[in-house]
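Heads up, the thing below is written out as structure tokens.
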There are 2 protein chains.
Amino acid sequence: MYEKKIPKDFSCGMAVLMEIIGGKWKSYLLFLISNGIRRPSELHRQIPTATARVLNLQLKELEFHGIIQKEIYPELPPRSEYSLTALGQSLMPVINAMDAWGSGHVGEFRLLMERKSGSLFPSGE
Amino acid sequence: MYEKKIPKDFSCGMAVLMEIIGGKWKSYLLFLISNGIRRPSELHRQIPTATARVLNLQLKELEFHGIIQKEIYPELPPRSEYSLTALGQSLMPVINAMDAWGSGHVGEFRLLMERKSGSLFPSGE
DNA sequence: CAGAATCCAAATAGATACTG
DNA sequence: CAGTATCTATTTGGATTCTG
């Protein structure tokens, strides 16, 4: 299930990081978890556009890569909580730098999208 | 061609960044270009595992997002060269932070892969 | 609520052949 | 060499249903 990506070589450090945080919702999830959102249902409430299944998959991968850890409480109704591991915490400065750059350029980015949307090849006029 | 991803909301800065550098080879390409590898054929030589077509696609997206720029020399044989834009250069500290983290944890990462490969669900014994 | 199973759609990447 | 066009394979994400 997780073997798929091993063939890549990791000669470039970024490739390792991308492997870990590259999923569609992982950045959100890390952001939320680092802010104390712990339970799957809460996370889903924060990211309603994704299905619970997909979030679950990505959480599993983050867990598999040792970035987050899951505590399961054998109660009824069931409850589980996620938190950052030490490795995950060591990632946070990088995450924050990434988030800061993105936030600082999101306006620019939107403009670019609007300006160029549908006209990737301007008619020169 | 590029409209596909717009539906995402960019409430989280990381999502913007991931949008820009999220492709399979973009990290390598940025790394190489920032190190002065400029021509498509050179880039391809450095990343022989990817096809020229795919590299080309990702270069196009990086260019579209304003991270790199292309200079085309109307010669024979044809020649073109890529370089970082100002925006691309503003990204480099982040890229470097990402690369540093990845490089610092690649050993750990490999071990994890080996240890867990094929045994995501340990038999508990 | 948490999460697994199944089926399906979209996105992304690779192989190959072709043009100037 | 640079770049495009097809076609295909793989990966990824989404919808739905079902269990405890």
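Labels below follow one simple rule: chain letters A, B, ... track the order of the sequence lines, proteins then strands, and each chain is numbered from 1.
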### Query
Atom CG in A:Leu30, atom CG in A:Leu91: separation rounded to 0.5 Å?
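Reported to 0.5 Å precision, the distance equals 7.0 Å.
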Heavy atoms from C-beta onward define the side chain here; which of [options] lies closest to that of [X]?
{"X": "B:Arg39", "options": "C:dA4, D:dA2, D:dG13", "value": "D:dA2"}
{"X": "B:Tyr82", "options": "D:dG3, C:dG20, D:dG14", "value": "D:dG3"}
{"X": "B:Ile72", "options": "C:dG14, D:dG14, D:dG3", "value": "D:dG3"}
{"X": "A:Val54", "options": "D:dG13, D:dA2, C:dG14", "value": "D:dG13"}

d([atom1], [X]; [atom2], [N]) in whole Å:
{"X": "A:Asn56", "N": "D:dT12", "atom1": "CG", "atom2": "C1'", "value": "15 Å"}
{"X": "B:Leu43", "N": "D:dC1", "atom1": "CG", "atom2": "C1'", "value": "13 Å"}
{"X": "A:Lys24", "N": "C:dA11", "atom1": "NZ", "atom2": "P", "value": "8 Å"}
{"X": "B:Arg79", "N": "C:dG20", "atom1": "CZ", "atom2": "C1'", "value": "18 Å"}
{"X": "A:Arg38", "N": "C:dC1", "atom1": "CZ", "atom2": "C1'", "value": "18 Å"}
{"X": "B:Leu76", "N": "D:dC1", "atom1": "CG", "atom2": "P", "value": "13 Å"}
{"X": "A:Glu81", "N": "C:dA2", "atom1": "CD", "atom2": "P", "value": "9 Å"}
{"X": "A:Leu57", "N": "C:dA4", "atom1": "CG", "atom2": "C1'", "value": "10 Å"}

### Query
Less than 4.5 Å apart, any side-chain heavy atom of B:Ser90 and any of A:His105?
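The answer is yes; the side chains approach within 4.5 Å.
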#### Entry: Within-4.5 Å side-chain heavy-atom neighbours: B:Pro40 and B:Leu55
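Counting from C-beta outward, B:Pro40 and B:Leu55 never come under 4.5 Å.
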Tell me whether the OP1 or OP2 atom of [N] has a side-chain N or O from [X] closer than 4.0 Å.
{"X": "B:Lys60", "N": "D:dT4", "answer": "yes"}
{"X": "A:Lys70", "N": "C:dA2", "answer": "no"}
{"X": "B:Ser80", "N": "D:dG3", "answer": "yes"}
{"X": "A:Ser41", "N": "C:dA2", "answer": "yes"}

### Query
Ignoring hydrogens and angles, does a donor from either the side chain of A:Arg53 or the base of C:dT6 sit under 3.5 Å from an acceptor on the other?
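Yes, a donor-acceptor pair under 3.5 Å.
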### Task
Run through B:Leu29, B:Ile33, B:Leu62 and flag the one making a side chain to side chain contact (heavy atoms under 4.5 Å, CB included) with B:Tyr82.
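So the option named by the test is B:Ile33.
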### Query
A:Gln58 near the nucleic acid: base, sugar-phosphate alone, or nothing, with a heavy-atom cut-off under 4.0 Å?
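Sugar-phosphate only.
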### Task
Determine the contact category for B:Glu42: base if any of its heavy atoms lies under 4.0 Å from a base atom, sugar-phosphate if only primed atoms, P, OP1 or OP2 are that close, otherwise nothing.
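Nothing, no heavy atom under 4.0 Å.
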### Message
Show the nearest heavy-atom pair for residues B:Gly22 and A:Met18, with the distance to one decimal.
### Response
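Closest pair (atom of B:Gly22, atom of A:Met18, distance): CA-CE, 3.8 Å.
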